Amino acid sequence: MTDLNKSTRRQFLKVGGAALVALPLIGMSGASLAAQNESVRKALQYQTSPKDGKQCSGCQNYQAATKGCTLYPGDTEIAPTGYCSGFIAKK
Ligand code: SF4
C-alpha cells in the first residue's frame, strides 16, 4: 500500500468516524427533544388555546426562550397561545 493510499484511508476513517458520532445527534432534532409534563398539564388543566383573552405569552410563568413554564418542569412544548389555571398576568 502506498503512502497516498494510507493517507486517503486514514482520512476516510476519520470522516466516517465523525459521521457515526454525529448521526445520533442529527436524529435528535428539536421535535424529538421536546417534552410534555403530562401530569402537571392535567392537574392545571392546560389547553393549547387562550381562555377569556388570557394566554401563556401574557403570563409571568411563561419562558418563551425554552417554550417552557416555571410550573411545568421539563416541559418544552408550552404554546404561547396556551392557557392553564396557573395563569398570572404579567405586570
Ligand atoms: S402558568 Fe399556565 S398560562 Fe402561565 S405560562 Fe404556564 S402554562 Fe401558560
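When reading the values below, keep in mind they use all heavy atoms of this one structure, side chains included, and skip hydrogens, waters and symmetry mates. For this chain, numbers begin at 1 and follow the sequence in order. Since the model is a prediction, treat every value here as computed from it, not as a measurement. Order of appearance sets the numbers: ligands from 1, and atoms from 1 within every ligand.
- Asp75 contributes no side-chain N or O that, together with a main-chain N or O of Cys69, makes up a donor-acceptor pair within less than 3.5 Å.
- Considering CD of Glu77 and OH of Tyr46, their distance stands at 8.5 Å, rounded to 0.5 Å.
- Taking a cut-off of 2.8 Å, the protein N, O or S atoms nearer than that to atom 2 (Fe) of ligand 1 are Cys84 SG.
- Going from atom OH of Tyr83 over to atom OG of Ser49 covers 11.0 Å, rounded to the nearest 0.5 Å.
- Across every non-hydrogen atom of Gln60 and Ala89, the tightest pair is NE2-O, 3.1 Å.
- Here the CG atom belonging to Leu71 is positioned 12.0 Å from the CZ atom belonging to Phe87, to the nearest 0.5 angstrom.
- Rounding to the nearest 0.5 angstrom, the gap separating the CZ atom in Arg41 from the CD atom in Gln47 is 11.5 Å.
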